[in-house]
Chemist: 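I'd like to ask some things about the structure below.
Below, read A as the first sequence line, B as the second, and so on, with proteins coming before strands; counting in each chain starts at 1.
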2 protein chains.
Amino acid sequence: MAVTIRDVAGASGVHVSTVSRTFSAPHLVNAATRTRVLAAADELGYRPSRVARALTTGRTHNLGLIVADIANPFFPPLIKAAQAGARSRDYHLFVADTDENPQVEEELIQTFAKQVDGVVLCSPRLSNKAIGRLREDVPFVVVNRRIEGVAAVLMDVGQGARQAVEHLRELGHRRVAVLTGPAGSWTGAEMCAATAAAPGLDLTYLGPNAPTENGGRSAADAVLAAGATGVLAYNDLVAMGLMDELAARGVRVPGDVSVIGVDDIVTGRHTRPRLTTIAMPTAAAGRTAVDLLLREQAGTITLATTLVVRESTAPPPPHTPSAATDPAS
Amino acid sequence: MAVTIRDVAGASGVHVSTVSRTFSAPHLVNAATRTRVLAAADELGYRPSRVARALTTGRTHNLGLIVADIANPFFPPLIKAAQAGARSRDYHLFVADTDENPQVEEELIQTFAKQVDGVVLCSPRLSNKAIGRLREDVPFVVVNRRIEGVAAVLMDVGQGARQAVEHLRELGHRRVAVLTGPAGSWTGAEMCAATAAAPGLDLTYLGPNAPTENGGRSAADAVLAAGATGVLAYNDLVAMGLMDELAARGVRVPGDVSVIGVDDIVTGRHTRPRLTTIAMPTAAAGRTAVDLLLREQAGTITLATTLVVRESTAPPPPHTPSAATDPAS
DNA sequence: ATGAAAGCGCTAACAT
DNA sequence: ATGTTAGCGCTTTCAT
């Protein structure tokens, strides 16, 4: 087997507890002996066993991160930041993927429970009640969900949505459609609530839509039927699907209709036209979630979102029905 | 604290070792007692401590996965598949990110060593020698690198590159440029070796290039100067950067020059024109690497790659210099 | 400042 | 088939 604390004790002529102390409470050991122990440890290539340490202390120095789908471009920046945050404090990060399955989510939390000091749960599919129950097994931080008594990191989509819709208004749009997401989505609800009272605009809410490109494609009919010249889509994927379908029908973006997405996933930066979108602070969210977890402080942190204007938004065409009611054109 | 094996023993009137056996070697315990123990365990909400188990058995049931950059679109499908493979065998997966830093890579391996049963090392930046040394601390599987005596999963870029170049030839191209990657890249070397002997083609190797969009952009001059009508880029990012720069100069893709990437990252599916590329079997690689690790069998597995023809390749323009020397046009 | 001893939760011989 | 016992590598009182 590997070299243990006992080998180091033998080599440096002290008791194991002294070796233990040199690593976990260096200030409690005489500088001279400390040097001697460290030298012996280095010589033998000793590294404390995190497993054994975990067994005695009850703290594993591991964290868990659970997302719906690792390959969904929304998550990797969050995962990366969470990992970096964990590592900078000498924590290791388990990453797992539920494949959008609430049952897998629950199992994962339970098996993680014994092996981590906390878990970051992103956009959970589990019910609030189930999460409340699981909270007794392991500390949580939830991302993009509000649950009574559970620490949370929220991304302020509402604010971004307001900005987006205002951007459309400034461009001269009057009739704008909001493509809502799947029923029960927290971010979807936020978007609706935030835009409902937008001044000077004629809003229509179209949905629910699947949060995918196909969801966006299927929404094209409704968008056209609504006579909207501006669209705020549930997310970038939906926006991209919509743009695709619109292009297929000869409707120009942004010439005929302007499209705004949400998330700022990397793929949206390469579409033609490049997608205007509400950037979600995913990296900050990952970092913050880990922060919160390690401070063991409850509370909710809300992160700002930013409208990134690229090429998929422009003034509406001069002769649209909605523009006709507007003498300004 | 949580409920332990001892609580279950008490509740079901058997000795702890019997409880232990019902979980780790059920066939060694009487069906009746097993049921009783299981009932008690369930009642109390007992879950074996993986940490304690690891300490006695020496096997943690954890795996580590180390990549250069989690947010690089090349990796998430690999991570996802590795995670799924691990989980299906009741292993948990640590994921870490080296930020392209070999030193971080080494530290990560060392801290993982005590806490995992093996690590998957993707496209390592560490020297072969360093990796060989580290191999004594923990079992490895390396992805996309060939190291004496280390189990490896390789993606056969050479084969894909041959296909790509043949595709260009069939289209009628004669003068093609290969954009090599950073010096020392295994995949880059494979691409060169595989294409060098391509029949009926006039190959130029341009590089080294940074494996990024900027790398592709900077290569535009050389490509044009070489008079190439077809380009095989080191990866999709390079291909995308090149297409961008070409477009900025009024050179049409694929009208004037055809471009082929490598990797099939998700962003390449949304460019205009959509990128023709050599698809790397990243998901299969992740799954296979975990397989190999858990079987503890050395050996090298080579995975096939596939040319995905989309819109960035077409016949060369009729009047290019290279076509002029070819009476066939 | 250091040593001695107990124990974290579990498994694995060995006994019965 | 089940109980007994001795650790796994470390931390943590409690002594000294």
Chemist: How many angstroms lie between CG in A:D117 and OG1 in A:T57, if you round to the nearest 0.5 Å?
Modeler: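 So the gap between those two atoms works out to 8.0 Å.
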Chemist: What's the closest nucleotide to the B:R21 side chain, out of C:dT11, D:dT2, D:dT11?
Modeler: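 Of C:dT11, D:dT2, D:dT11, D:dT2 is nearest to the side chain of B:R21.
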Chemist: Describe the nucleic acid contact of B:V19 in one word from base, sugar-phosphate, nothing, applying a heavy-atom distance below 4.0 Å.
Modeler: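 The residue B:V19 makes no contact with any strand.
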Chemist: Is there a donor N/O on one and an acceptor N/O on the other, under 3.5 Å, for the side chain of A:R47 and the base of D:dG9?
Modeler: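 When only heavy-atom distances are counted, A:R47 does not reach the base of D:dG9 through any donor-acceptor pair under 3.5 Å.
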Chemist: Please report the distance, rounded to the nearest Å, between NE2 in B:H61 and C1' in C:dC10.
Modeler: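 Atom NE2 in B:H61 sits about 14 Å away from atom C1' in C:dC10.
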Chemist: For A:H27 and D:dT12, give me the distance from atom NE2 to atom P, rounded to whole Å.
Modeler: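 Going from A:H27 (NE2) to D:dT12 (P), I get 11 Å.
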Chemist: Are OP1 or OP2 of D:dT11 and a side-chain N or O of A:S24 less than 4.0 angstrom apart?
Modeler: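 Yes, because at least one side-chain N or O of A:S24 sits under 4.0 Å from OP1 or OP2 of D:dT11.
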Chemist: Choose from D:dT2, C:dT2, D:dC10 the nucleotide whose nearest atom is closest to any side-chain atom of A:V29.
Modeler: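 In terms of side-chain proximity for A:V29, the closest of D:dT2, C:dT2, D:dC10 is C:dT2.
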Chemist: Taking the side chain of A:T33 as heavy atoms from C-beta outward, which of D:dC8, C:dG9, C:dA1 is closest to it?
Modeler: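 The answer is C:dA1, which lies nearest to the side chain.
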Chemist: Separation of B:L28 atom CG from C:dA12 atom P, in whole Å?
Modeler: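 Between P of C:dA12 and CG of B:L28: 11 Å.
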Chemist: Nearest to the B:S17 side chain among D:dT11, C:dG9, D:dT4, which nucleotide is it?
Modeler: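 Among D:dT11, C:dG9, D:dT4, the one nearest the side chain of B:S17 is D:dT4.
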Chemist: Atom CG of A:D7 and atom C1' of D:dG9: how far apart are they, to the nearest Å?
Modeler: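 Checked: the CG to C1' distance equals 11 Å.
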Chemist: In whole angstrom, what separates B:N30's CG from D:dG3's P?
Modeler: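 For the pair B:N30 CG and D:dG3 P, the rounded distance is 11 Å.
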Chemist: Quick check for you: among C:dT11, D:dT11, C:dG3, whose closest atom lies nearest to any side-chain atom of A:T18?
Modeler: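 Nearest nucleotide to the side chain: C:dG3.
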Chemist: Does the base of C:dG9 carry an N or O that pairs as donor and acceptor with the side chain of B:R50 under 3.5 Å?
Modeler: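 No, no donor-acceptor pair under 3.5 Å.
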Chemist: Side chain to side chain contact (heavy atoms under 4.5 Å, CB included) with B:L293: which of B:L63, B:V153, B:T288?
Modeler: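 The option that passes is B:L63.
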Chemist: To the nearest Å, how far apart are B:R6 CZ and D:dT5 C1'?
Modeler: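 One finds 13 Å between C1' of D:dT5 and CZ of B:R6, rounded.
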Chemist: Is the phosphate of D:dT2 approached by B:H15 (side-chain N or O, under 4.0 Å from OP1 or OP2)?
Modeler: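 Checking D:dT2 against B:H15, no side-chain N or O comes under 4.0 Å of OP1 or OP2.
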Chemist: Just call it for B:V14: base, sugar-phosphate, or nothing, with non-hydrogen atoms closer than 4.0 Å on any strand.
Modeler: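 It contacts sugar-phosphate atoms only.
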Chemist: Under a 3.5 Å threshold, yes or no: a donor from one side chain and an acceptor from the other, between B:R53 and B:H61?
Modeler: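 Checked: B:R53/B:H61 side chains show no N/O donor-acceptor pair below 3.5 Å.
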Chemist: When we call it a touch if two heavy atoms are under 4.0 Å apart, what does B:S49 touch: a base, just sugar-phosphate, or nothing?
Modeler: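 Answer is sugar-phosphate: B:S49 comes under 4.0 Å of backbone atoms only.
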Chemist: Salt bridge (Lys or Arg N to Asp or Glu O under 4.0 Å) between B:E107 and A:R87: does it pass, once the steps are laid out?
Modeler: CA-CA 11 Å; B:E107 281 175 32; A:R87 200 179 112 69; 3.5 Å; yes
Chemist: Both A:R34 and A:K114 contact DNA chain C. Taking the nearest nucleotide for each, which residue is further toward the 5' end?
Modeler: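 Nearer the 5' end of the strand: A:R34.
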Chemist: Nearest to the side chain of B:R53, heavy atoms from C-beta on, is which of C:dC10, D:dG3, D:dT11?
Modeler: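 Within the option list, the nearest is C:dC10.
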Chemist: Could you state the CG-P distance from A:L55 to D:dC10, rounded to the nearest angstrom?
Modeler: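 Rounding to the nearest Å, CG of A:L55 and P of D:dC10 are 12 Å apart.
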Chemist: Check every strand shown and say whether B:F23 touches a base, only sugar-phosphate, or nothing at a heavy-atom separation below 4.0 Å.
Modeler: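 It contacts nothing in the nucleic acid.
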Chemist: Just one of B:E148, B:R145, B:R146 clears the side chain to side chain donor-acceptor pair (under 3.5 Å) bar with B:N128, so which one?
Modeler: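 For B:N128, the side chain to side chain donor-acceptor pair (under 3.5 Å) check succeeds only for B:R145.
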Chemist: From the list D:dA1, D:dG3, C:dC10, which nucleotide is the closest neighbour of the side chain of B:A52?
Modeler: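 Selected nucleotide (nearest to the side chain): C:dC10.
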Chemist: Going through the checks in order, is the side-chain hydrogen bond (donor to acceptor under 3.5 Å, both in side chains) test met by B:D156 and B:T305?
Modeler: CA-CA 6 Å; B:D156 194 353; B:T305 59; 5.8 Å; no
Chemist: Expressed as a whole number of angstroms, how long is the span from B:I5:CD1 to D:dG7:P?
Modeler: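 Atom CD1 in B:I5 sits about 19 Å away from atom P in D:dG7.
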Chemist: Closest-nucleotide mapping onto DNA chain D: is A:T57 or B:G13 further toward the 5' terminus? I mean the 5' end.
Modeler: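 Nearest-nucleotide comparison on DNA chain D picks B:G13.
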